*Asks:* 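Structure incoming, see below.
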Protein chains: 2
Amino acid sequence: MDSISVTEENYLKAIYKICEKEEKGASNKAISTRMDTSAASVTDMLKRLAKKELIHYEKHSGVTLTREGRAIATHLVRKHRLWEVFLADKLNFSWDEIHPMAEELEHINSEELINRLEKFLGYPKFDPHGDPIPDEEGRITTRQQMLLSKLEMGEKGTIVGVQEHSATFLQYLDRLGLTLDSQVTLVEKFEYDQSVKIKLNGMLDLLLSDKVSNNIFIKING
Amino acid sequence: MDSISVTEENYLKAIYKICEKEEKGASNKAISTRMDTSAASVTDMLKRLAKKELIHYEKHSGVTLTREGRAIATHLVRKHRLWEVFLADKLNFSWDEIHPMAEELEHINSEELINRLEKFLGYPKFDPHGDPIPDEEGRITTRQQMLLSKLEMGEKGTIVGVQEHSATFLQYLDRLGLTLDSQVTLVEKFEYDQSVKIKLNGMLDLLLSDKVSNNIFIKING
DNA sequence: TAAGTTTTTTAGATTAGCTTAAAAATGTTT
DNA sequence: AAACATTTTTAAGCTAATCTAAAAAACTTA
């Protein structure tokens, strides 16, 4: 019944995020890069997390979360994203400002608080970046989505999320007028540099680099 | 420009609270009691806080806060009380539940966040216990208030705060129907045990022990 | 003021989380 | 398979915050 520290929580979340992408478990390298810490510190922490049975750890091979470890990680993600909705919807922060504050708020410990916050916000299913919010049991609403770059000529879609979360990218999208729920239609595809021309909300035409179109998730209309 | 830890913040707040009451600075004993830690730990921390010039410290005498130390403490109080208003007004927690959550939330670091929260809450001047909320510069709205036990016969007042903040006391007040803004009139005083009979909101008569009447602040009507 | 009690400080140790440097294991090339 | 490169682990040590036990200072009271 030993309690879990903020640092341990952050390691679990890092492992969770890495395992979402990579199939083979999280490597020491990947974790130390993400946590901006030394490989030795990671090994140290992995041993502690293994002793608490929060991860499956064997020397010299990638780690994965146990059922309990994953429950903690998804709960953190749930809290993070609900706080992001609060910051954006209630306190009017923009989507490029909310992450660092939510990073602190996610460690506040109270089931009751987070459940009441969820109710207060109207049981949102997605955060301001379009990422799904896990429910109390860690289940997430999955959505039919694809990259904007994969649109066919003339096809219409709605922006539902972003892959890249950096403040600079999000600010750039704001500058372009690209927000969640924007309607986009593919007008032209330039093979030369993989850039695309889109019609935004049935109004102006916009030219997007491959880097931009490969970091925006859309849902095909209908 | 070294940053300040959550633990250091808690010590500063403890010293601030003690100095509010005692005139002569906070003793090691008073701090260790309030922080529920050993006297040795306190001495240790006092040296560190002194080195950071957050307190005035001399061996074997009570400590006081420097201007900077006091600024940090009042800012913590400001954050604590604003979060308490949020928890009570927006998430519908009762006044006996909010303190432990606010104790965590007060350590979230963002000026912008707390200022927007203040705006969102409508710039409240008092928290759900009737305690004043410091503004950005640490100034508090003082209020003409006195203990319910000091009412004269027939005199009318409004409940504006409590001195004791324990959950059991607050729950007891709820049971009695005594909430902030209740109207009370002194009906009778019993010298024998210092208990008082009051009329609540012009309706029912209520008998209060000295312990209760000495922990409720009222404002004389008019 | 001398004796006794309480408070405060010092000394020495512990734990979590981190570091660097070196050793060991694993992966990659030729 | 041998040589090199990379990754992971071990070893030793640091800091913040804590502890207990003992020493020192301050107060209380006969």
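Below, chain A is the first sequence line, B the second, and so on; all start at residue 1. The structure presented is a predicted model; accordingly, all values stated were derived computationally and were not measured. Atoms considered below: every heavy atom in the structure, side chains included; atoms not considered: hydrogens, waters and symmetry mates.
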*Asks:* Taking atom NZ of A:Lys52 as the centre, does the number of heavy atoms from other residues, nucleotides or ligands within less than 6.0 Å exceed 12?
*Replies:* yes

*Asks:* B:His99 and B:His165: aromatic ring centres closer than 6.0 Å?
*Replies:* no

*Asks:* Check the pair B:His80 / B:Asp127 against side chain to side chain donor-acceptor pair (under 3.5 Å), numbers first and verdict last.
*Replies:* CA-CA 9 Å; B:His80 183 102; B:Asp127 79 10; over 6 Å; no

*Asks:* Side chain of A:Arg48: nearest nucleotide among C:dT9, C:dG17, D:dT8?
*Replies:* C:dG17

*Asks:* Hey, does the side chain of A:Ser41 come within less than 4.0 Å of C:dC18's phosphate (OP1/OP2), counting only N and O?
*Replies:*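 Answer is no, no contact under 4.0 Å.
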
*Asks:* Tell me the interatomic distance from A:Met35, atom CE, to C:dA16, atom C1', rounded to whole angstroms.
*Replies:* 14 Å

*Asks:* C:dG17, C:dC18, C:dT8: which one has an atom nearest the side-chain heavy atoms of A:Thr37?
*Replies:* C:dC18

*Asks:* Roughly how many Å is it from NZ in A:Lys24 to P in D:dT8, rounded to a whole number?
*Replies:* 11 Å

*Asks:* Checking contacts here: which listed nucleotide (D:dT9, C:dG17, C:dT10) is nearest the side-chain heavy atoms of B:Lys47?
*Replies:* C:dT10

*Asks:* Side chain of A:Ala39 only, heavy atoms from C-beta on: which candidate in D:dT18, D:dT9, C:dT10 is closest?
*Replies:* D:dT9

*Asks:* Figure out the NZ/P separation between B:Lys59 and D:dA26, and round it to whole Å.
*Replies:*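 Between P of D:dA26 and NZ of B:Lys59: 10 Å.
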
*Asks:* At less than 4.0 Å, is any side-chain N or O atom of A:Ser5 found next to OP1 or OP2 of C:dG17? Yes or no.
*Replies:* yes

*Asks:* Between B:Lys24 and B:Gly62 (side chain of the first, backbone of the second, donor and acceptor by atom type, cut-off under 3.5 Å), is there such a pair?
*Replies:*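 It does not hold such a pair.
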
*Asks:* Separation of B:Tyr57 atom OH from C:dT10 atom C1', in whole Å?
*Replies:* 10 Å

*Asks:* Round to a whole Å and report the spacing from CD1 of B:Ile31 to P of C:dT9.
*Replies:*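 So the two atoms are 9 Å apart, to the nearest Å.
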
*Asks:* Using a 4.0 Å heavy-atom cut-off across all strands, classify B:Ser38 as base, sugar-phosphate, or nothing.
*Replies:*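 The residue B:Ser38 makes base contact.
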
*Asks:* I want to verify a distance call: between D:dT18, C:dT7, D:dT10, whose nearest atom is closest to the A:Ala40 side chain?
*Replies:*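 My answer, after comparing the listed nucleotides, is D:dT10.
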
*Asks:* Taking OP1 and OP2 of D:dT18, is either one under 4.0 Å from a side-chain nitrogen or oxygen of B:Tyr11?
*Replies:*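 Checking B:Tyr11 against D:dT18: at least one side-chain N or O falls below 4.0 Å of OP1 or OP2.
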
*Asks:* Would you classify A:Thr7 as touching base, sugar-phosphate or nothing, given that sugar-phosphate means primed atoms plus P, OP1 and OP2, and contacts are heavy atoms under 4.0 Å?
*Replies:* sugar-phosphate

*Asks:* Tell me: CD1 of B:Ile4 to P of D:dA17, nearest whole Å?
*Replies:*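 Rounding to the nearest Å, CD1 of B:Ile4 and P of D:dA17 are 10 Å apart.
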
*Asks:* Please state how far atom CG in B:Leu46 lies from atom P in D:dA17, giving the value in whole angstrom units.
*Replies:* 13 Å

*Asks:* Looking at every non-hydrogen atom in both residues, tell me the closest pair between A:Cys19 and A:Ala26 and how far apart they are.
*Replies:* SG-N, 3.9 Å

*Asks:* Rounding to a whole Å, what distance do you find between B:Asp44:CG and D:dT15:P?
*Replies:*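 It is 14 Å, rounded to the nearest whole Å.
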
*Asks:* I want to verify a distance call: between D:dT8, C:dT19, C:dT9, whose nearest atom is closest to the A:Lys29 side chain?
*Replies:*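 Closest of the options to the side chain of A:Lys29: D:dT8.
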
*Asks:* Among C:dT7, D:dA17, D:dT8, which is the nearest nucleotide to the side chain of A:His60?
*Replies:* D:dT8

